[in-house]
Amino acid sequence: MTTIPAPLETVLADFDFVDRAERIELLIEAADRFEEVPPRIAERPFSEENHVQHCESEAYVWAEDNPDGTLKFFFAVENPQGISAKSWAVIMDETLSGQPLEQVAAVDAQTVFRIYGKDLSMGKGQGLTGMLSHVTHAARLRLDARRTASARS
Amino acid sequence: MTSPTAAIEDRGYAHPDVLVSTDWVAAHLTDPGVRIVESNEDQLLYPSGHIPGAVQVDWAADLNDQVRRDYLSKAGFEALMSRIGVTRDTTVVFYGDKNNWWATYAFWVFQLFGHTNAKVMDGGRLKWEQEGREMTREVPSYPATSYTAPERDDSTERIFRDEVLRYQAAGKQLVDVRSPGEFSGEVTHMAGYPQEGVLRGGHIPGAKSVPWSRAANTDDGTYKSADELRAIYEQEQGINGKDEVVTYCRIGERSSHTWFALKYLLGYPNVRNYDGSWTEWGNSVNVPVEK
């Protein structure tokens, strides 16, 4: 059974009942917690394979394997005005890192709009869903590798 | 050729007083006769930090009518001015993200209500940030004012579709400020803005293609000098500054940036912004389209 990762479900519940000002406050609080990818994972110039296409905030995404088989996600946002991208990076790290890969791989792009609201219509949606795609793609790659390995054993 | 970093008064503009530098704004932060207004596309930017004392005017929440595709009414504008503590004598200085697209758009809407005591901060928010100047999250509050606006004037700075049809048929000057791919009809929305697509791609027949960004210096988003602007619009594109010019883009925000350059920096006497722009034209039935 695939369900939404529990931490993400909690965050979505928070965002479902906020007004515009509260939404902005929550997102800015999230952006304030942003920590850039550590040097042990990546250093500039960052690799193009980690670069999110169509994201004007110049976002990058990395995934590191945890010992328990889950993934830990890391991000960089090169545009100093990329507040939305930073907040989304923090929310994804806090809600998807360490979660079951099946659930991470199945996170829907509509999640972005539930969190950012209808005002997202201008331009940001594509970049933020692009960041999510990198995360879900990383989870799918690990799952595919596992399936291949178990088929061989 | 004038250096891109030349002082505003040395760039040969027709009306240099409408553009102010970040230095000027820094020197007027506590001037009671000045209200600094941030207008952005990204709703998170102002609350995440802004110029001390600046208020926010949001294009979607404050300037647009919330039901019709139109701008706020006279009463709405008066209420907005009261809320941000502006009188008719207050000098309003706009700045914002995206190379001042929304700042010049807000400036343009203010002109529909005749608030001519208005300026734009050259280079916008990015330049202020790049210079490491002070930012705050403190949202200021100003005493409410009593502001009486005239009825909105939709004829001097603004033009509607039906008039654009007649205008185009008469072979008059149009400047399309969208990207080359949007102008050619290769794409039906701007990169990154898929929700604002249209049914038909291309441009209004006869329009000259001058992407808005050509008016700005790439390093800091400031406007180019008058000589550089004339080289683009007049020498290269053959725009005649004496006759009418209409600018348009997708919804009217990028074209406000060019409208500002043509009207104030080059001093063209009759420049109007077609805010219906391509999201109206490209979805209209039986209007001429060129690819």
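Chain identifiers are assigned alphabetically (A, B, ...) following the order of the sequence lines, protein sequences preceding nucleic acid strands; residue numbering begins at 1 within each chain.
The distance from atom CD of B/Q43 to atom CZ of A/R23, rounded to the nearest 0.5 Å, is 8.0 Å. Taken to the nearest 0.5 Å, the CD atom of A/Q81 stands 5.5 Å off from the CG atom of B/L45.
For A/E29, the CD atom counts as densely surrounded, since its 6.0 Å shell holds more than 12 non-hydrogen atoms of other residues, nucleotides or ligands. Within a 6.0 Å radius of CD in B/E138, no more than 12 heavy atoms belonging to other residues, nucleotides or ligands are found. Atom CD of B/E186 has 12 or fewer neighbouring heavy atoms from other residues, nucleotides or ligands inside a 6.0 Å radius.
Under the rule for a ring-ring contact (aromatic ring centres under 6.0 Å, His included), the partners of B/F260 that lie at least two apart in sequence or sit in another chain are B/F107, B/Y223, B/Y264. Residues passing the ring-ring contact (aromatic ring centres under 6.0 Å, His included) test with B/F160: none are found, sequence neighbours excluded.
With respect to B/S48, the side-chain contact (heavy atoms from CB on, under 4.5 Å) criterion is satisfied by exactly one of A/D32, A/I24, A/I28, A/L27: A/I28.
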Trace of the side chain to side chain contact (heavy atoms under 4.5 Å, CB included) decision for A/K86 with B/L44 | CA-CA 11 Å; A/K86 285 181 181 170; B/L44 294 186; over 6 Å; no
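For B/R137, the part lying under 4.5 angstrom from a heavy atom of chain A is the side chain only.
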